[in-house]
Student: 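One structure coming up, written as structure tokens, with questions to follow.
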There are 2 protein chains.
Amino acid sequence: MAGIKDVARLAGVSQATASRALSGKGSVSSKAREAVTAAASELGFVMSYHASSLASGRSHNIGVVLPFVNRWYFATLLEGANSALMDAGYDLTLYDFQGDRYRESVLGDFLLRKRLDGVLAVSLQLNSHETEQILAAGIPVVGVGGPLPGIPTLRIDDVEVGRRATNHLLSLGHTRVAHVGGEHEYGRNFQISSGRRAGYEEAMAAAGLPVREAWSLISDYSANDAYRETKQLLADPAERPTAIFCASDEMAFGAILAARDLGLRIPDELSVIGVDGHEMGEILGLTTIDQIPRNQGMRAVERLLALVQEDGKAAGPADELMQTRLVVRSSTSAPRTLDSKTAS
Amino acid sequence: MAGIKDVARLAGVSQATASRALSGKGSVSSKAREAVTAAASELGFVMSYHASSLASGRSHNIGVVLPFVNRWYFATLLEGANSALMDAGYDLTLYDFQGDRYRESVLGDFLLRKRLDGVLAVSLQLNSHETEQILAAGIPVVGVGGPLPGIPTLRIDDVEVGRRATNHLLSLGHTRVAHVGGEHEYGRNFQISSGRRAGYEEAMAAAGLPVREAWSLISDYSANDAYRETKQLLADPAERPTAIFCASDEMAFGAILAARDLGLRIPDELSVIGVDGHEMGEILGLTTIDQIPRNQGMRAVERLLALVQEDGKAAGPADELMQTRLVVRSSTSAPRTLDSKTAS
DNA sequence: CTGAAAGCGCTAACAG
DNA sequence: CTGTTAGCGCTTTCAG
């Protein structure tokens, strides 16, 4: 295990010069630099990041905090963050809440261990105490999607997404449109869910259409749960909507499968639109609003590293809206129900 | 930012005693211990892990290396590993190859930075140089699934899995059984794919059934790709198998959807069985061999931490076979094709 | 541009 | 059981 000392000796320079040559900080004659790099590679030198971190205060390590690694959106966003971090030479420390299971220990212990240069907080909702605590640790934080007061956040316009998805359905001639989203008030995806739902309600209202309570479903964002909810909804022909807007693609998968199991033809008897951009949507023909999570992860890291490296100089615009795009496939069309009953 | 020095002073003991009291290593009078913990919490003391790591050589940080965070199996295994690590108070540093994109830099740079107490290598195939390099760094490694010569590895018996899945189909009366797996020789999932395929071929041979080349498909483990492959396979009624064994659930999803799109009834006209235990299999009625990836992740961490903590004392049994279980749902049944053509 | 020297904050012998 | 004394391996003033 050669240390920088050995490198310096071999190169015939001081430890300080070796350090400067290796890190690129401070000026070193090209001659010295070459000698040092040569010596380093000859010895197979790898720096001790522990020592470096201790001395410099920078750990080249970013923490990514999210509620579920296991869900497509988060895993894909994580992949994007990983790319950006690898390219920048940073390590990625993963903190997976697994729902709420590790919420407290992550927030109360792990994040405070000051081994992180920055934190990416995905879909997190922090109370003021938690925000305070983490900011007090002096760690730059960038959020994605969650409502984090006092923290720069990337987000999509969820209300707009809800409106856009609903309007797509409406523009095809649907009037009986249901929505499957997340919990109203207290859920982890609070703002996201309520934003998309608000967009849905807004669009319906703007079209002069009623939002029936029975058509506003609540699910946990999983395909399985959405399947159950939707099947229940669709089972009664009299009450059946002709279109469903799901707040995530995974839920839309559930809805499509439920409809198929009930013998409903898609899109003729039921149109479905989702949100996310899950690849598997291709083989299900799912129309969706792609939010390109990979980009969100990369962009968030970019913002975070800027914060980390500029050491809090230019805070930049606090929030940033990410773009989405409507991807139309075969799960949506004009309603073509044989049974032409109208809404009650 | 109170340091251990401040804690020691406040508690009226030496820094060493404070350290011992806080870490639990070495004996401290209960009186001193109380004084120290009281002082620590009064000051809101959080240890610097950089300093601790540098001084002790332990970083309480485990690296998890995998080919794709984005695939269900890996994400779920990762979740299991995360649980075990959080419970043990360890950080998890994620290295996602994203296929092969970051393979070199992870193996050549990141892993050697000696900030890890251990590495969990999931579905990795290392050449001898890479193995050497990483072992030379003196880091304990535990593998899952990949063939890692000289490294303790957890795995399922992939040949047995292939045999079992195929035999399930055979026992239902199928004789025309196809297989969708991964690449034969050079793929990342080499051993896994070839093991499952070998089990399939073995079972077929044992039943005296031919394995047609056209029925042995190669996919990249994604639902979308398997969809395409399977659709192609099923499009020709004359060549059509009555059952398909897919080497992963995601590929089985693709197969089921392809079959449905061709108007084939499942399981009457086509039985499908997968491997993994993906939750979404529930709503597709997918019969599968559940390999409980979450457990694999937890168990692998357990093994790894044992290695890390016992400091290489007892190496333990080199390899360990993990259990799987057959979960029968509605995607498999006896063949009930109307068209009773026999294989050519 | 370079070297010497002083830590970064904690742990680990080693005596007591 | 406890305090003293050295470092862990690098970065960083501060002179030169």
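For clarity, every value in this text was computed on a predicted model and none was experimentally measured. Keep in mind that the numbers below use all heavy atoms, side chains included, and drop hydrogens, waters and symmetry copies. Reminder, nothing fancy here: chain letters follow the sequence lines and each chain counts from 1.
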Student: Any side-chain N or O of A/Thr17 less than 4.0 Å from the OP1 or OP2 oxygen of C/dT2?
Tutor: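 It does not, given that no N or O in the side chain of A/Thr17 lies less than 4.0 Å from OP1 or OP2 of C/dT2.
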Student: If only side-chain N and O atoms of B/Ser29 are considered, is one of them under 4.0 Å from the OP1 or OP2 phosphate oxygen of D/dC1?
Tutor: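 It does not, given that no N or O in the side chain of B/Ser29 lies less than 4.0 Å from OP1 or OP2 of D/dC1.
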Student: Nearest to the side chain of A/Ala16, heavy atoms from C-beta on, is which of C/dG3, C/dT11, D/dT11?
Tutor: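 Between C/dG3, C/dT11, D/dT11, the one nearest the side chain of A/Ala16 would be C/dG3.
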Student: I want to check a possible cation-pi pair here: A/Arg71 against A/Phe68, using under 6.0 Å from ring centre and within 45° of the ring axis as the test.
Tutor: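 That pair qualifies as a cation-pi contact.
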Student: Report yes if some heavy atom in the side chain of B/Leu116 is under 4.5 Å from a heavy atom in the side chain of B/Tyr95; otherwise report no.
Tutor: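 Side chain of B/Leu116 against side chain of B/Tyr95, heavy atoms only: contact under 4.5 Å found.
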Student: What is the separation between atom CE on B/Met47 and atom C1' on C/dG9, rounded to the nearest whole Å?
Tutor: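 Rounding to the nearest Å, CE of B/Met47 and C1' of C/dG9 are 10 Å apart.
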Student: Compare side-chain N and O positions of B/Ser56 against OP1 and OP2 of C/dC10 and report whether any pair is under 4.0 Å apart.
Tutor: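 B/Ser56 to C/dC10 OP1/OP2: no side-chain N or O under 4.0 Å.
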Student: Rounded to the Å, how far apart are B/Arg9 CZ and D/dG3 P?
Tutor: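 Roughly 14 Å, once rounded to whole Å.
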Student: Specify the residue among B/Gln15 and A/Ser27 whose closest nucleotide of DNA chain C lies further upstream toward the 5′ end.
Tutor: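 Its nearest nucleotide being more 5', the pick is A/Ser27.
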Student: So B/Ser52, base contact, sugar-phosphate only, or nothing? Heavy-atom distance under 4.0 Å.
Tutor: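 It contacts sugar-phosphate atoms only.
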Student: Just to confirm, is there a sub-4.0 Å distance from OP1 or OP2 of C/dA4 to any side-chain nitrogen or oxygen of A/Ser14?
Tutor: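 Checking C/dA4 against A/Ser14, no side-chain N or O comes under 4.0 Å of OP1 or OP2.
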Student: Taking for each residue the nucleotide of DNA chain D bearing the nearest heavy atom, is the 5' side occupied by B/Ala55 or by B/Val13?
Tutor: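 That would be B/Val13.
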Student: If you measure from the Lys or Arg side-chain nitrogens to the Asp or Glu carboxylate oxygens, is any gap between B/Glu79 and A/Arg101 under 4.0 Å?
Tutor: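 Judged by the 4.0 Å cut-off on N to carboxylate O distance, B/Glu79 and A/Arg101 do not form a salt bridge.
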Student: Can you check whether B/Leu307 reaches B/Pro152 side chain to side chain, under 4.5 Å on heavy atoms?
Tutor: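 A side-chain contact exists here, since the closest heavy-atom pair is under 4.5 Å.
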Student: Would you tell me if any nitrogen or oxygen in the side chain of A/Ser19 comes within less than 4.0 Å of OP1 or OP2 on D/dT11?
Tutor: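 For D/dT11, OP1/OP2 do have a side-chain N/O of A/Ser19 under 4.0 Å.
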Student: Any chance you could lay out the side chain to side chain donor-acceptor pair (under 3.5 Å) test for B/Ser193 and B/Tyr221, step after step, and finish with the verdict?
Tutor: CA-CA 10 Å; B/Ser193 299; B/Tyr221 277 83; 2.9 Å; yes
Student: For B/Thr17 and B/Ser14: C-alpha separation, side-chain torsions, deciding distance, then whether side chain to side chain donor-acceptor pair (under 3.5 Å) applies.
Tutor: CA-CA 5 Å; B/Thr17 301; B/Ser14 75; 3.2 Å; yes
Student: Using heavy atoms and a sub-4.0 Å distance, could you list which residues of residues 30-46 of chain A are near DNA chain D? By number, please.
Tutor: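 When residues 30-46 of chain A is checked for heavy atoms under 4.0 Å from DNA chain D, the hits, listed by number, are A/Phe45.
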Student: Evaluate the side chain to side chain donor-acceptor pair (under 3.5 Å) criterion for residues B/Ser83 and B/Arg294: first the C-alpha distance (whole Å), next the side-chain angles of each, then the deciding distance (0.1 Å), finally the verdict.
Tutor: CA-CA 9 Å; B/Ser83 284; B/Arg294 209 171 184 293; 2.8 Å; yes
Student: Quick check: on DNA chain C, is the nucleotide nearest B/Ala51 upstream (toward 5') of the one nearest B/Lys25, or the reverse? Name the residue that is more 5'.
Tutor: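 Nearest-nucleotide comparison on DNA chain C picks B/Ala51.
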Student: Could you state the CZ-C1' distance from A/Arg20 to C/dA4, rounded to the nearest angstrom?
Tutor: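 These atoms are roughly 11 Å apart.
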